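Here's the structure, in structure tokens; my notes come after.
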Amino acid sequence: GAGVSQSPSNKVTEKGKDVELRCDPISGHTALYWYRQSLGQGLEFLIYFQGNSAPDKSGLPSDRFSAERTGGSVSTLTIQRTQQEDSAVYLCASSSGQQSTNEKLFFGSGTQLSVL
Amino acid sequence: GESVGLHLPTLSVQEGDNSIINCAYSNSASDYFIWYKQESGKGPQFIIDIRSNMDKRQGQRVTVLLNKTVKHLSLQIAATQPGDSAVYFCAENRDNFNKFYFGSGTKLNVKP
């Protein structure tokens, strides 16, 4: 696609329920990232996928958070047993993944998650 | 711990004036920096980047300055316009090529 696409754009859920957030990266981009942005805050790194390598999960805040990337393209971020403190905007980004040079990330518009 | 942060959380400028947004970083090993602009309800958009072997880089109406001695980064916007109103983030690349750490952001308000 022309850009990074995320769905849904908004998600309201009840505490304790599971949610799945989806990200479609730019076609051909091998690197994919998930970030979390709480209200009025900066971006908190969650997880990074690069090609077929094992993902860097060092930013996941708890074992309730997990992410998959199927076929090296679409990614799903899953939050189990959601808590109110999980409420935030979840941003996905992709890049071409050429590790020979530093490169910029292209972001989607995010999913606004509200846990009631 | 090491961090990326911004000096001013909110900056108000008059339309047509120049804006300067500052960022401090603490990891001297960081070698690549990016400024992003985030408008309300949208994801961050790339503005300009700079590598650590440079002190200055210019784009269209924007200039990024890097002072490695004091670990300071700034974004200068010339002739600020209402469309420049947004939150601006600096991002620092460390640990590996493509892992970025973001500051908390500065909100720029442009007054007509």
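A note on names: the letters A, B, ... follow the listed sequences, proteins ahead of strands, and every chain is numbered from 1. Fair warning: this is a prediction, and the values are worked out from it, not measured in the lab.
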Side-chain heavy-atom pair B:K68, B:Y25 within 4.5 angstrom cut-off
yes

same_hphob_cluster(B:L66, B:I21) at 4.5 Å side-chain heavy-atom cutoff
yes

Residue pairs passing the side chain to side chain donor-acceptor pair (under 3.5 Å) test where at least one lies in residues 74-85 of chain A, sequence neighbours excluded:
A:W34-A:S75

Can you tell me which portion of A:Q37 sits under 4.5 Å from chain B's heavy atoms? Options are side chain, backbone, both or neither.
side chain

Close contacts, residues 107-116 of chain A versus chain B, judged by heavy atoms under 4.5 Å:
A:F107, A:G108, A:S109

Which bit of A:L91 is near chain B, if near means a heavy-atom gap under 4.5 Å: side chain, backbone, both or neither?
side chain

Taking side chain as everything from C-beta outward and backbone as N, CA, C, O, which of these in B:Q38 sits under 4.5 Å from a heavy atom of chain A? Side chain, backbone, both or neither.
side chain

Mind checking whether B:L65 and B:I47 sit in one hydrophobic cluster, side chains of I, L, V, M, F, W, Y counted as touching below 4.5 Å?
no

Among residues 62-71 of chain A, residues within the sub-4.5 Å heavy-atom range of chain B, in order of number, are none

Co-membership, hydrophobic cluster, residues B:V110 and B:W35, 4.5 Å side-chain
yes

Exercise: identify the closest heavy-atom pair between B:L108 and B:S19:
CD1-OG, 3.9 Å

Show the nearest heavy-atom pair for residues A:A88 and A:R36, with the distance to one decimal.
CB-CG, 3.6 Å

Pairwise side-chain contact, A:Q6 with A:L21, heavy-atom cut-off 4.5 Å (strictly under)
no

Quick check: do A:K11 and A:Y90 have side-chain heavy atoms less than 4.5 Å from each other?
no

B:V87: which residues meet the side chain to side chain contact (heavy atoms under 4.5 Å, CB included) condition with it, sequence neighbours left out?
B:F89, B:K107

Which pair of heavy atoms, one from A:S58 and one from A:D56, lies closest together, and at what distance?
OG-OD1, 2.7 Å

